[in-house]
Amino acid sequence: MVSPELSHFQSSPMAKPRNRMFWCLSEGFLCFGSAFLALLLVGSFWSFFTPTPSIDQTITEPSSKLKKNPVDCRESGFGVNLKSDPKDPTFYDDPEMSYSLEKPVKDWDEKRKEWLKHHPSFAAGARERIVLVTGSQPKPCKNPMGDHLLLRFFKNKVDYCRIHGYDIFYNHLLLHPKMGSYWAKLPVVKAAMLAHPEAEWIWWVDSDALFTDMEFKLPLERYKNHNLVVHGWPKLIYESKSWTSLNAGIFLIRNCQWSMDLIHTWSSMGPMSKDYNKWGQIQRLTFKDKLFPESDDQSALIYLLYKEKEKYYDHIYLEGEFYFEGYWVEIVGGYDNTTERYLEIERGVPKLRRRHAEKVSEQYAVFREEFLKEAGNGKGSWRRPLITHFTGCQPCSGDHNRMYAGESCWNGMIKALNFADNQVLRKYGFLHPDLLDSSTVTEVPFDYPADEGPW
């Protein structure tokens, strides 16, 4: 059988000979010249009727489509271009810039703005972009189950960030050799601000704190005129002068010049300062309920608010309307009741009971909010606390406050971790039936009846 291409070539009228001498050398051979000429002519006609796509067309066509749709395959699922870093100079090219706490950053707002101008794909949504930062000690834990607990605490934060589309950075090193223990967070937060100019907020969460409302999203609109958010109470600062009037283990800080200045001032009361011992004495004289002599980050922040109220108070939001972080002792015992109350709501509201993708969890938190008006907030509330903070329990060292037994710390952590994990596992079809048993799960059927809970 002759191929269509060869058939077309053989029947072409342009294959006629121009001269007998060139037609053949003998009766058994074709004249190569005429054949070659015929091939060229046939090729010309063939390409005329079936034009070959140009190379330019195949290259330029996708880019013309990109003009209609700005999101291409080089961009992430959130519409930001992760493979573009223009050669235009930014603060990263400034040899005077430093990640160190000792050297303050100047004109940070302008530097961030300039960087965003050269990376326009990050501009959309920048005002709500959050990077969560956490960490632990450089060495293995002394407590036999400490490393396992820290892993689960970290997994919890990763789950929360995945659900809400936040980036997360976990640090396990001392970024300043003198700034250890609770002071270690400040050099990490400053470094995160410089490493993430695309983020408006840096959210520090201690390693011994975990999210226990996995769907709840921070009300950022509430903080639009503030640069720092901490859980605290003005009355305890200015009237009681208590060193526990706020908790510095969890805070949300805006990525701006004001925050850079605060970190510089705040860290000057830490171990890196030659006046470190003096600051400890000043804090104990100011806050009578402070029990230990060393200067700590929490007392230092309260001191700034107390002594320089005009400078700091209007910029710091003391969140007390919900558990921005909550003391575990007053929370853990209510998990079972909270679970039952939420199930009770779902039994009567089909759209809350509906199976859904993990990525749209925030929508269901909004749906549920109208049914939580009677839940209250804070101590005694049956609303899920955003963060349960195991203050006084040290999962890595195994030490704990003598006010309570160590066993209550560890059992409380396991219960909190599984309470949070159930909110995640449910999207995957499973649950822990017993909050004190991490190893057992049961499957959640798709068609469980409205008047019964599957767990």
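Because the structure is a prediction, the values reported are computed rather than measured.
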Q: Tell me, with the steps shown, if Gln281 and Asn277 meet side chain to side chain donor-acceptor pair (under 3.5 Å).
A: CA-CA 7 Å; Gln281 296 170 10; Asn277 292 331; over 6 Å; no
Q: Apply salt bridge (charged side-chain N to carboxylate O under 4.0 Å, His left out) to Lys290 and Asp296, showing your working.
A: CA-CA 10 Å; Lys290 181 175 165 65; Asp296 67 283; 2.4 Å; yes
Q: Drop me the distance from Gln363's CD to Glu215's CD, to the nearest 0.5 angstrom.
A: 10.5 Å
**Q.** Glu340 bridged to Arg347 by N-O distance under 4.0 Å
**A.** yes
Q. Would you call Lys117 and Glu114 a salt bridge, taking side-chain N to carboxylate O under 4.0 Å as the test?
A. yes
(Q) Less than 4.5 Å apart, side chain to side chain, heavy atoms only: is that true for Pro104 and Asp261? (A) no
Q) Is the shortest heavy-atom distance from the side chain of Val230 to the side chain of Tyr317 under 4.5 Å? A) no
Q.
Keeping Ser295 on the side-chain end and Gly280 on the backbone end, is there a donor-acceptor pair under 3.5 Å?
A. no
(Q) A side-chain contact here means heavy atoms from C-beta on lying under 4.5 Å apart; do Tyr312 and Thr265 qualify? (A) yes
(Q) Less than 6.0 angstrom from the centroid, inside 45 degrees of the normal: does Lys309 satisfy that with respect to the ring of Tyr238? (A) yes
Q: Could you walk me through whether Asp208 and His389 pass side chain to side chain donor-acceptor pair (under 3.5 Å), step by step?
A: CA-CA 6 Å; Asp208 61 354; His389 195 182; 3.0 Å; yes
Q: Any chance you could lay out the side chain to side chain donor-acceptor pair (under 3.5 Å) test for Asn255 and His196, step after step, and finish with the verdict?
A: CA-CA 9 Å; Asn255 195 356; His196 290 278; over 6 Å; no
Q | OH on Tyr303 to CD on Gln283, rounded to 0.5 Å | A | 9.0 Å
**Q.** Asp399 CG to Gln394 CD distance, which is reported to the nearest 0.5 Å
**A.** 5.0 Å
Q. Charged N to carboxylate O under 4.0 angstrom, Glu294 versus Arg284?
A. no
Q. Are Glu102 and His264 linked by a side-chain donor-acceptor pair shorter than 3.5 Å?
A. no
Q: On the 0 to 90° scale, with breaks at 30° and 60°, tag the Phe292-Trp243 ring pair as parallel, tilted or perpendicular.
A: perpendicular
Q: Please check if the distance between the ring centroids of Phe419 and Trp328 is under 6.0 Å.
A: no
Q: Indicate the ring-plane relationship of Phe216 and Phe322, choosing parallel, tilted or perpendicular according to the 30° and 60° boundaries.
A: tilted
Q.
If you compare all heavy atoms of Lys157 against all heavy atoms of Ile168, which two are closest, and at what distance to 0.1 Å?
A. CB-CD1, 3.8 Å
Q. Which word best sums up how the rings of Trp115 and Phe122 line up, parallel for under 30°, tilted for 30 to 60°, or perpendicular for over 60°?
A. tilted
Q.
For Arg254, is there any backbone N or O sitting under 3.5 Å from a side-chain donor or acceptor partner on Ser259?
A. yes
**Q.** Modelled atom types, side-chain donor and acceptor of Thr212 and Tyr323, under 3.5 Å
**A.** no
Q) Would you say the side-chain atoms of His231 pair up with the backbone N or O of Glu325, donor to acceptor, closer than 3.5 Å? A) yes
Q. Is it true that Glu321 and Arg222 make a salt bridge, defined as a side-chain N closer than 4.0 Å to a carboxylate O?
A. yes
Q.
Check this for me: Lys427, atom NZ, are more than 12 non-hydrogen atoms of other residues, nucleotides or ligands nearer than 6.0 Å?
A. yes
Q: Give a yes/no verdict on a cation-pi contact between Lys351 and Phe367, requiring under 6.0 Å between NZ or CZ and the six-membered ring centre and an angle within 45° of the axis.
A: yes
Q: Before accepting this row, confirm whether a basic side-chain N of the pair Glu200/Arg129 lies closer than 4.0 Å to the acidic partner's carboxylate O.
A: no
Q. Does atom NZ of Lys103 have more than 12 heavy-atom neighbours, drawn from other residues, nucleotides or ligands, at distances under 6.0 Å?
A. yes
(Q) Side chains of Val424 and Arg162, heavy atoms from C-beta outward: is any pair under 4.5 Å? (A) yes
Q: Test Thr388 against Tyr327 for side chain to side chain donor-acceptor pair (under 3.5 Å), laying out the working first.
A: CA-CA 6 Å; Thr388 301; Tyr327 184 36; over 6 Å; no
Q: Walk me through it: do His164 and Leu218 pass the test side-chain contact (heavy atoms from CB on, under 4.5 Å)?
A: CA-CA 10 Å; His164 296 280; Leu218 287 176; over 6 Å; no
Q: For the pair Trp203 and Phe211, evaluate ring pair (Phe, Tyr, Trp, His ring centres under 6.0 Å) and give the outcome as yes or no after the intermediate values.
A: CA-CA 13 Å; Trp203 193 358; Phe211 291 94; 5.3 Å; yes
Q. Is the NE2 atom of His172 crowded by more than 12 outside heavy atoms at less than 6.0 Å?
A. no
Q.
Which residue in the set Asp147, Leu210, Asp421 passes side-chain contact (heavy atoms from CB on, under 4.5 Å) when paired with Arg152?
A. Asp421
Q. Taking the side chain from Ser242 and the backbone from Thr244, do they hold a donor-acceptor pair closer than 3.5 Å?
A. yes
Q.
Can a side-chain donor-acceptor contact be found between Ser100 and Ser98 if the only test is distance below 3.5 angstrom?
A. no
Q. Within the side chain of Arg383, is there an N or O that forms a donor-acceptor pair under 3.5 Å with the backbone of Leu372?
A. yes
Q. Under the ring pair (Phe, Tyr, Trp, His ring centres under 6.0 Å) criterion, do Trp382 and Phe371 qualify, and how do the steps go?
A. CA-CA 12 Å; Trp382 54 267; Phe371 303 97; over 10 Å; no
Q. Salt-bridged, Lys224 to Glu221, with N to O below 4.0 Å?
A. yes
Q. Charged N to carboxylate O under 4.0 angstrom, Glu362 versus Lys217?
A. yes
Q: Indicate the ring-plane relationship of Phe251 and Trp266, choosing parallel, tilted or perpendicular according to the 30° and 60° boundaries.
A: tilted
Q) Does any N or O in the side chain of Gln137 come within less than 3.5 Å of the main-chain N or O of Ser181, such that one atom is a donor and the other an acceptor? A) no
(Q) Could you check whether Glu198 pairs with Arg112 (Lys NZ or Arg NE/NH1/NH2 to Asp/Glu carboxylate O, under 4.0 Å)? (A) no
Q | From Lys185 atom NZ to Ile250 atom CD1, the distance as rounded to the nearest 0.5 Å | A | 9.0 Å
Q: Check whether any side-chain heavy atom of Leu318 lies under 4.5 Å from a side-chain heavy atom of Tyr313, and answer yes or no.
A: yes
Q) Can Lys155 and Asp159 be counted as an ion pair, charged N to O under 4.0 angstrom? A) yes
Q | salt_bridge(Arg426, Glu346) N-O dist < 4.0 Å | A | yes
